[in-house]
2 protein chains.
Amino acid sequence: MDPEPVRFEPVTTVRAYERVVEQIEQAVLSGRLSPGERLPSERELMAQFGVSRSTVREALRVLQAGEVIRSRAGDPRGPEVLPASTAVLQKSMHRLARAEELGLAQLLQFRMLLEGSAYLLAARLRTEEQLAQMDAALAEMRAQLGRGDSEFSRADVAFHDAVARATQNPLLVVCGEVVRGVVLELIEDKLAHAADRRALMRKSVAHHIEVLRAVRDGEGERACRLARHALYDYYAEYVPEAERAMLHPLLGS
Amino acid sequence: MDPEPVRFEPVTTVRAYERVVEQIEQAVLSGRLSPGERLPSERELMAQFGVSRSTVREALRVLQAGEVIRSRAGDPRGPEVLPASTAVLQKSMHRLARAEELGLAQLLQFRMLLEGSAYLLAARLRTEEQLAQMDAALAEMRAQLGRGDSEFSRADVAFHDAVARATQNPLLVVCGEVVRGVVLELIEDKLAHAADRRALMRKSVAHHIEVLRAVRDGEGERACRLARHALYDYYAEYVPEAERAMLHPLLGS
DNA sequence: CCTAGGCCACTGGTCCGACCAGCATACTAG
DNA sequence: CTAGTATGCTGGTCGGACCAGTGGCCTAGG
């Protein structure tokens, strides 16, 4: 055995507000503080932690940014502990997607991958109720076919959300949502100039009908393949030709 | 047409610090501020935004919590804009996992999905150099077979990273990394008590050899199937039986 | 008795001014 | 020319102050 020498750890200055954050976060994470419960008021916390109100406030700001608590001015009951949400996850993923110099190719690849798998899972795991939700969203799409495309795409989003929810996996829901959003951001201007949006919508509806049938029949593999091909057909023309190859492995053999 | 009545939107009080956050965040997101660049000092910002220093500081705290910037006391150059990181993503996912919104089943499902697809893509897109990196990582795993399992799992991580990089998709790299981390966190204690870790390692090496061969031969589908089955075999026993069914659709027909 | 109304104590949001310790640079003494 | 110090900034923390809200209490009117 090595004669383990005395080891010193690098000293890290821990700011006062960080200690406050830490303690409150631990209380929430460990369940000693449940969603809906209230924290003491800032002035009370300042006494309990032995720090100034500024420090307490900075700590609360951090927790607020992390969706751990919520403060309302004037509420005598104090800051509220929030239930866990995917909002932060979504925001951080969005930031990452925009920062990582992601091209449309990468985003589309990821989306094909996710949505395909979502269908694969949904086809097996969906309940009748979720099936009905997809039906409703699809009906809404058909109804909005003639109207502006903002309503149409809202119905489209609702459809995909229903599919994602059917997988019972919040990760799939969030990631799908984010990637879809970023993809749309990247090409909405190009898409707006598309020659015939009406034709695109009709094609989209036809595709959704087909894929929904596959989901209803439990044919996951087929739904997966359909979705990926549809995405490719719809978006590939906007992907630089050199990068298009990275989408092909997902189209199956 | 409906005689569209005048519509009023609910008034939302926007806090001063929120608007400061918003502006700085936008500057970073839009690229007007790049990683490594510096923000003006708090006193300077307070003049530019026309708010007090407390308000500026609360805004900076929020950005700091979101890993957008970093402040060091005394640094005359001011707060630094950070490159996008996965830390927040990881933390928020972790919190969701602890809040039981996310069980091992969901995480594992997502990981099976991601890693399978990663192999599928890597088998087609990998370069010789990336293949060599996987080889090296695998060799390291074999070398560490006898040693502590922290070295072993580090080599394991290196292998999976090499695979993810071969897909040329940063999203896949990041998500894979994060999910792998959270999964390990969730069961590391259970895994530590496993009867025979040595046997598990050997089995893991054997699996990696096989899957790497599939990648080298360009058999993406096979690599995908192998990886998912391996993950299932390795982890499924820790998943509540009732939720195990949600993993089965990914194991293929 | 009960209820509608206003009152009030307290909340969080913002501002100000002050002090401290830390950092990078310029300057100074050797 | 170098070593060390002085300096002028930085962010971190503190205390006190004021304001606009909120919700419960208390009261006047039924």
Side-chain angles (χ1 to χ4, degrees), chain A residues 8-25 27-28 33 35-82, chain B residues 8-25 27-28 33 35-83 87:
Chain A
F8 295 105
E9 293 203 346
V11 179
T12 58
T13 308
V14 181
R15 275 84 144 195
Y17 84 93
E18 284 182 333
R19 304 274 213 97
V20 176
V21 168
E22 205 175 302
Q23 284 199 46
I24 299 181
E25 203 164 38
V28 173
L33 243 46
E37 285 192 68
R38 301 303 184 122
L39 253 46
S41 77
E42 296 180 357
R43 287 164 176 92
E44 174 67 25
L45 287 173
M46 132 185 158
Q48 286 190 28
F49 285 110
V51 296
S52 77
R53 184 144 95 100
S54 325
T55 302
V56 168
R57 284 181 61 65
E58 291 188 15
L60 293 184
R61 278 278 107 84
V62 171
L63 294 169
Q64 217 167 322
E67 298 271 321
V68 180
I69 63 167
R70 174 180 51 180
S71 295
R72 272 187 337 142
D75 190 333
R77 294 167 299 182
E80 181 186 1
V81 177
L82 293 177
Chain B
F8 295 105
E9 294 202 347
V11 179
T12 58
T13 309
V14 181
R15 276 84 140 197
Y17 85 92
E18 282 183 333
R19 282 196 270 137
V20 174
V21 168
E22 205 175 302
Q23 284 198 46
I24 299 180
E25 203 165 38
V28 173
L33 242 45
E37 284 192 69
R38 301 304 183 123
L39 253 46
S41 76
E42 295 180 358
R43 288 163 177 90
E44 174 66 25
L45 287 173
M46 133 185 157
Q48 286 190 28
F49 285 109
V51 295
S52 78
R53 186 154 164 242
S54 326
T55 302
V56 169
R57 283 180 62 67
E58 292 188 14
L60 293 184
R61 279 278 106 84
V62 171
L63 293 169
Q64 214 167 325
E67 298 271 319
V68 180
I69 63 168
R70 172 180 54 180
S71 295
R72 273 190 330 149
D75 191 334
R77 293 168 299 183
E80 180 186 359
V81 178
L82 294 177

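Sequence lines set the chain letters: A, B, ... in the order given, protein chains first and strands last, and positions in each chain run from 1.
- Distance CE (B:Met46) to C1' (C:dC15): 10 Å, rounded to an integer number of Å.
- At whole-Å resolution of the value, CZ in A:Arg38 and C1' in C:dG12 are 13 Å apart.
- OP1 or OP2 of C:dG13 has at least one side-chain nitrogen or oxygen of A:Arg61 nearer than 4.0 Å.
- The structure places CD of A:Glu18 at 9.5 Å from OG1 of A:Thr13, a figure rounded to the nearest 0.5 Å.
- In this entry the distance linking CD of B:Glu58 with C1' of D:dG12 reads 14 Å, nearest Å.
- Scanning all heavy atoms of the two residues, the minimum distance from A:Gln48 to A:Pro40 falls at NE2-CG, 3.9 Å.
- C:dG12 atom C1' lies 12 Å from atom CG of A:Leu45, rounded to whole Å.
- Projected onto DNA chain D by closest heavy-atom contact, A:Asp75 and B:Leu39 fall at different nucleotides, the more 5' of which corresponds to B:Leu39.
- Atom OH in B:Tyr17 sits roughly 11 Å away from atom C1' in C:dG12 (whole-Å rounding).
- Among the protein residues, B:Ser41 comes within range of the sugar-phosphate backbone only, with heavy atoms under 4.0 Å from sugar or phosphate atoms but none that close to a base.
- Of all heavy-atom pairs between A:Arg38 and A:Arg77, the closest is CB-O, 3.1 Å.
- Residue B:Thr55 is in sugar-phosphate contact alone, with no base atom involved, counting any heavy-atom pair closer than 4.0 Å across all strands shown.
- Listed nucleotides: C:dG12, D:dG11, C:dT14. Nearest to the side chain of B:Arg43: D:dG11.
- Spacing between atom CG of A:Leu60 and atom C1' of C:dT11 amounts to 12 Å, rounded to whole angstrom units.
- Donor-acceptor pairing under 3.5 Å, judged by distance alone, is absent between the side chain of B:Arg77 and the base of D:dG11.
- Residue B:Pro79 has its side chain nearest to D:dG11 when only D:dG12, D:dG11, C:dC15 are considered.
- One atom, CZ of B:Phe49, and another, P of C:dT14, lie 14 Å apart when rounded to the nearest Å.
- Taking atom CZ of B:Arg15 as the reference point, atom P of C:dC15 lies 14 Å away to the nearest angstrom.
- B:Leu60 pairs in a side chain to side chain contact (heavy atoms under 4.5 Å, CB included) with only one of the listed residues (B:Val21, B:Val68, B:Val20, B:Ile24), which is B:Ile24.
- Among the protein residues, B:Arg72 comes within range of the sugar-phosphate backbone only, with heavy atoms under 4.0 Å from sugar or phosphate atoms but none that close to a base.
- In this model, the phosphate group of C:dC15 is not approached by any side-chain N or O of B:Arg53 to a distance below 4.0 Å at OP1 or OP2.
- The listed nucleotides are C:dC23, C:dC16, D:dG11; the one nearest the side chain of B:Arg57 is D:dG11.
- Closest contact between the side chain of B:Glu42 and the listed nucleotides D:dG11, C:dC15, C:dG13 involves D:dG11.
- The two residues B:Ser71 and B:Gln64 have their closest heavy-atom pair at OG-OE1, 3.8 Å.
- Between A:Thr13 and A:Glu44, it is A:Glu44 whose nearest contact on DNA chain C lies nearer the 5' terminus.
- Atom CZ of A:Arg19 is surrounded by 12 or fewer heavy atoms from other residues, nucleotides or ligands within 6.0 Å.
- When the nucleotides D:dC14, C:dT14, D:dT22 are ranked by their closest atom to the side chain of B:Ser52, C:dT14 comes out on top.
- Side chain of B:Ala16, nearest nucleotide from D:dG11, C:dT14, C:dG12: C:dT14.
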